[in-house]
Engineer: 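Sharing a structure with you now.
Atom set for the values below is all heavy atoms of this structure, side chains included, hydrogens, waters and symmetry mates excluded. The chains referred to below are lettered A, B, ... by the order of the sequence lines, with proteins before strands, and numbering in each begins at 1.
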Protein chains: 2
Amino acid sequence: MKPIDVFKALSNETRLQILEWLKEPEKHFTSQEVNDFQNVGVCVTQFHEKLKVTQSTASQHLSILHRAGLVITSRRGKWTYYKRNEEAFHQLKEMIGHEI
Amino acid sequence: MKPIDVFKALSNETRLQILEWLKEPEKHFTSQEVNDFQNVGVCVTQFHEKLKVTQSTASQHLSILHRAGLVITSRRGKWTYYKRNEEAFHQLKEMIGHEI
DNA sequence: TTGACATATCGCGATATGACGATATAATAA
DNA sequence: TTATTATATCGTCATATCGCGATATGTCAA
C-alpha cells in the first residue's frame with residue numbers, strides 16, 4: 001500500500017462517495033441478485049446508476065480504489081462486487097503519524 | 001478541515017517530503033536565524049534549497065499544505081516559518097473510519 | 001528613502017486526471 | 001452457437017495540477 005496512491009484515490013468526491021456508501025451498503029442499495037452485502041459487496045451497475053455517471057466512469061473509479069487497496073473485489077458470475085477493505089483503512093490510520 | 005483538500009494536499013511526493021522533514025526539523029535543517037525548530041519551524045528558503053525546486057514552487061507547496069490546515073505558519077520579520085499542525089493529523093486519523 | 005533580501009502571486013507550457021462514447025472481454029441464457 | 005448482460009479497456013477532449021520564470025509585496029538595514 002503506497003501512501004501516495006491511497007491519497008490520490010481519496011482525492012476525488014465521487015470516490016469518497018463510493019466509500020461512504022460502502023460503509024452501509026444495505027442503507028444505500030437495494031440488492032438485486034444477492035442481498036449479502038457484508039460478505040459480497042455492491043456491483044458496478046449499482047454504482048453506475050446511483051452515481052449517475054456512465055458505466056465506464058463508475059468502473060474506472062472502482063478500479064482506482066482497488067489499485068489503492070481500499071476495496072476488495074470478488075467476481076460472481078458476470079458480476080464484480082466491491083466492498084471496503086477495512087484492513088486498509090486501519091493501516092492508513094497507522095500510517096498517519098508514523099510514516100506521514 | 002475539508003477531507004478532500006487534505007487528501008489533495010497529501011497527493012504529492014514533494015509535499016509528503018516536506019511533512020516528513022518537519023517531523024524532525026533539527027535532523028534535516030541547519031537553522032540559520034533561529035534554532036528553536038519546535039516552536040518556530042522552518043522557513044521557505046530552507047525548503048527551496050533542500051528540495052532543489054525554485055523558491056516559487058516551494059512557496060506554493062507550503063501554501064497548499066497551509067490551506068489544507070496541515071501546517072501552521074508564523075511570520076518573524078522577513079521570514080515565514082512553517083511547522084506541522086499535529087492537531088490536524090490527529091483529526092485526520094479520527095476522520096478515517098468515521099467520515100471516510 | 002533606497003537597496004537588499006524573503007516570500008507570495010501571476011501567467012505559461014507540460015503533464016495528469018476526469019468524464020465520455022465506442023469497443024473489447026467475460027459469463028450466462030436462449 | 002448466438003444473443004444478452006455485466007464489466008473492463010481504449011481513445012479523445014476538457015479541466016486540474018505541477019513546475020518554472022517573472023514580478024509584486026513585505027520587511028529590514030543603511
Engineer: Is it possible for you to say whether Val44(B) and Val42(B) belong to one hydrophobic cluster, with membership spreading through side-chain heavy-atom contacts below 4.5 Å?
Structural biologist: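 Yes, because Val44(B) and Val42(B) connect within a single hydrophobic cluster, where side-chain heavy atoms sit under 4.5 Å apart.
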
Engineer: Residues two or more places apart in sequence or in another chain: which of them pass salt bridge (Lys or Arg N to Asp or Glu O under 4.0 Å) with Arg84(A)?
Structural biologist: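 With sequence neighbours excluded, Arg84(A) shows a salt bridge (Lys or Arg N to Asp or Glu O under 4.0 Å) to Glu86(A), given in chain and number order.
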
Engineer: Please list all pairs meeting salt bridge (Lys or Arg N to Asp or Glu O under 4.0 Å) that have one or both residues in residues 4-14 of chain B, counting only residues at least two apart or in different chains.
Structural biologist: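 Of all non-adjacent pairs touching residues 4-14 of chain B, none passes salt bridge (Lys or Arg N to Asp or Glu O under 4.0 Å).
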
Engineer: Leu10(A) has an atom CG; how far is it from atom P of dT17(C), in whole Å?
Structural biologist: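 Taking atom P of dT17(C) as the reference, CG of Leu10(A) is at 14 Å.
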
Engineer: Using whole Å, what does the distance between atom P of nucleotide dC18(D) and atom CD of Glu13(B) come to?
Structural biologist: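 Between P of dC18(D) and CD of Glu13(B): 12 Å.
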
Engineer: For Phe7(B) and dT17(C), give me the distance from atom CZ to atom P, rounded to whole Å.
Structural biologist: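 Those two atoms, CZ and P, are 17 Å apart.
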
Engineer: Could you tell me how far apart Ile4(B) (CD1) and dT17(D) (P) are, to the nearest whole angstrom?
Structural biologist: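 From Ile4(B) CD1 to dT17(D) P: 10 Å.
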
Engineer: Do Tyr82(A) and Ile72(A) share a hydrophobic cluster, counting only Ile, Leu, Val, Met, Phe, Trp and Tyr and linking them when any side-chain heavy atoms are less than 4.5 Å apart?
Structural biologist: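 No; Ile72(A) is not reachable from Tyr82(A) via cluster members.
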
Engineer: Roughly how many Å is it from OH in Tyr81(B) to P in dA8(C), rounded to a whole number?
Structural biologist: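 Distance, rounded to whole Å: 12 Å.
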
Engineer: Nearest-Å distance, CD (Gln46(A)) to P (dT5(D))?
Structural biologist: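 About 17 Å, once rounded to whole Å.
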
Engineer: How would you label the contact of Thr80(B) with the nucleic acid (heavy atoms, under 4.0 Å): base, sugar-phosphate, or nothing?
Structural biologist: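 Answer is sugar-phosphate: Thr80(B) comes under 4.0 Å of backbone atoms only.
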
Engineer: Generate the contact string for nucleotides 18-28 of chain C. Rules: B means base contact, S means sugar-phosphate contact only, - means no protein heavy atom under 4.0 Å.
Structural biologist: SSBBB----SS

Engineer: Could you list the residues that satisfy salt bridge (Lys or Arg N to Asp or Glu O under 4.0 Å) with Glu26(B), not counting sequence neighbours?
Structural biologist: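 Salt bridge (Lys or Arg N to Asp or Glu O under 4.0 Å) check on Glu26(B) returns nothing, list empty.
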
Engineer: Can you list, pair by pair, the side-chain donor-acceptor contacts under 3.5 Å of residues 90-100 of chain B, counting residues two or more places apart and other chains?
Structural biologist:
residue: His98(B); atom: ND1; partner: Glu94(B); partner atom: O; Å: 2.5

Engineer: Starting at atom CG of Leu62(B), determine the distance to atom C1' of dT7(C), rounded to an integer number of angstrom.
Structural biologist: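 Leu62(B) atom CG is separated from dT7(C) atom C1' by 10 Å.
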
Engineer: Does a side-chain N or O from Thr45(A) land closer than 4.0 Å to OP1 or OP2 of dT7(D), or not?
Structural biologist: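 For Thr45(A), the contact criterion (side-chain N or O under 4.0 Å from OP1 or OP2 of dT7(D)) is met.
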
Engineer: So Tyr82(B), base contact, sugar-phosphate only, or nothing? Heavy-atom distance under 4.0 Å.
Structural biologist: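 Counting heavy atoms under 4.0 Å across all strands, the contact made by Tyr82(B) is with sugar-phosphate only.
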
Engineer: Rounded off to whole Å, could you give me the CD-to-P distance for the Gln17(B) and dC18(D) pair?
Structural biologist: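 Distance, rounded to whole Å: 16 Å.
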
Engineer: Using salt bridge (Lys or Arg N to Asp or Glu O under 4.0 Å) as the criterion, list what pairs up with Lys27(A), not counting sequence neighbours.
Structural biologist: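 Testing Lys27(A) for salt bridge (Lys or Arg N to Asp or Glu O under 4.0 Å), a comparison that skips the adjacent residues, returns Glu24(A).
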
